[in-house]
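Because the structure is predicted, anything quoted here is derived from the model rather than measured. Order of the sequence lines fixes the chain letters, A, B, ..., with proteins taken first and strands second; residue numbering starts at 1 for each chain.
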Number of protein chains: 2
Amino acid sequence: MAKHDPDLSLIFQALSDPTRRAMVLRLSAGPAAVTELAEPSGLRLPTILRHLSVLEAAGLIETRKSGRSRICRPVPGAMAQAEDWLARVRADWEARTDRLEALLSTMEDE
Amino acid sequence: MAKHDPDLSLIFQALSDPTRRAMVLRLSAGPAAVTELAEPSGLRLPTILRHLSVLEAAGLIETRKSGRSRICRPVPGAMAQAEDWLARVRADWEARTDRLEALLSTMEDE
DNA sequence: ATCATGCTTAGCCATAAAGCTAAGTATCAC
DNA sequence: GTGATACTTAGCTTTATGGCTAAGCATGAT
């Protein structure tokens, strides 16, 4: 397939890692510095920085240098695209999952 | 981070690829055989089969052998978990993005 | 000026992902 | 039973991902 929806790919990719999802959840509670964000994970700083850059490249968070700290915060509308995609596909799926199709499926089995 | 939410990871990972998203969209329009699913992508069958197994492992689709064809169809509630996660996080983010915080952020900049 | 703190960069390693070809198996049509 | 069709499996290559260590740079405190 071609390179459609690069943003969507980046967003889903970013959210596919538990460490990054934990970071996103942490940022829901308010901005945090890198060290603060790294602490609950037990991972080293360079590793966390890479995760941060993935989240930032996906447009999910933004960071800003303040003194020797880097402050990270969520980007407000960033997940709308992904949510919309999911909602749309799910709606289509549920629309198709009526008794008629279940019946056809059962009949095909025999 | 630990191995929390393995399902969520699998789902987001599965959806992070444009080819797989196209397959998911195609299946929204109705069940399809493997070859049929492969056609618009221009990719070889083994490649498509691997994508299929990723989608199936994530619980997003199910497949069934019918004669020499394998019929693929969506699994109805499969994306709810991902959608819920996104909705929850987005709600938190939007709740935090009021004028107060924007103001504090601006003040910190100076 | 010096030192600690907090990030940053460079680079290595192991594993997984995404594509391919080639060769196999199973079913349907004749 | 032979041949075409539709997967399927095995195995290879390239690139990306997720972790690390070691060493560097910038800032704040003394």
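As a whole-Å value, the separation of B:Met23 CE from C:dG19 P is 10 Å. D:dA6 atom P lies 6 Å from atom CZ of B:Arg68, rounded to whole Å. Rounded to an integer number of Å, the gap from CZ of B:Arg44 to C1' of D:dC12 is 16 Å. As rounded to whole Å, 14 Å separates atom P of C:dA16 from atom CG of A:Asp17. Distance CD (A:Gln13) to P (C:dA17): 10 Å, rounded to an integer number of Å. Going from atom CD1 of B:Ile71 over to atom P of C:dT27 covers 14 Å, rounded to whole Å. Going from atom CG of B:Leu45 over to atom C1' of C:dA23 covers 14 Å, rounded to whole Å. For B:Leu43 and C:dC20, the CG to C1' distance is 10 Å, given to the nearest whole Å.
Heavy atoms only, all atoms of each residue included: A:Phe12 and A:Leu86 are closest at CZ-CG, 4.3 Å.
The list of salt bridge (charged side-chain N to carboxylate O under 4.0 Å, His left out) pairs with a residue in residues 38-60 of chain A, not counting sequence neighbours, is empty.
Look at A:Lys65 and you'll find a side-chain N or O under 4.0 angstrom from OP1 or OP2 of C:dT8.
A heavy atom lying under 4.0 Å from DNA chain D marks the following residues of residues 47-56 of chain A, by number: A:Thr47, A:Arg50, A:His51.
Within the model, atoms CG of B:Leu37 and OG1 of B:Thr63 stand 11.0 Å from one another, a figure rounded to the nearest 0.5 Å.
Counting only distance, with no hydrogens or angles, the side chain of B:Ser28 and the backbone of B:Val24 share a donor-acceptor pair below 3.5 Å.
A:Met79 and A:Trp85 end up in the same hydrophobic cluster when Ile, Leu, Val, Met, Phe, Trp and Tyr side chains are linked at under 4.5 Å.
Screening B:Leu55, B:Ile61, B:Leu60 against B:Met23 for a side chain to side chain contact (heavy atoms under 4.5 Å, CB included) leaves a single residue, B:Leu55.
With DNA chain C read from its 5' end, the first of the two nearest nucleotides for B:Gly67 and A:Pro46 is the one closest to A:Pro46.
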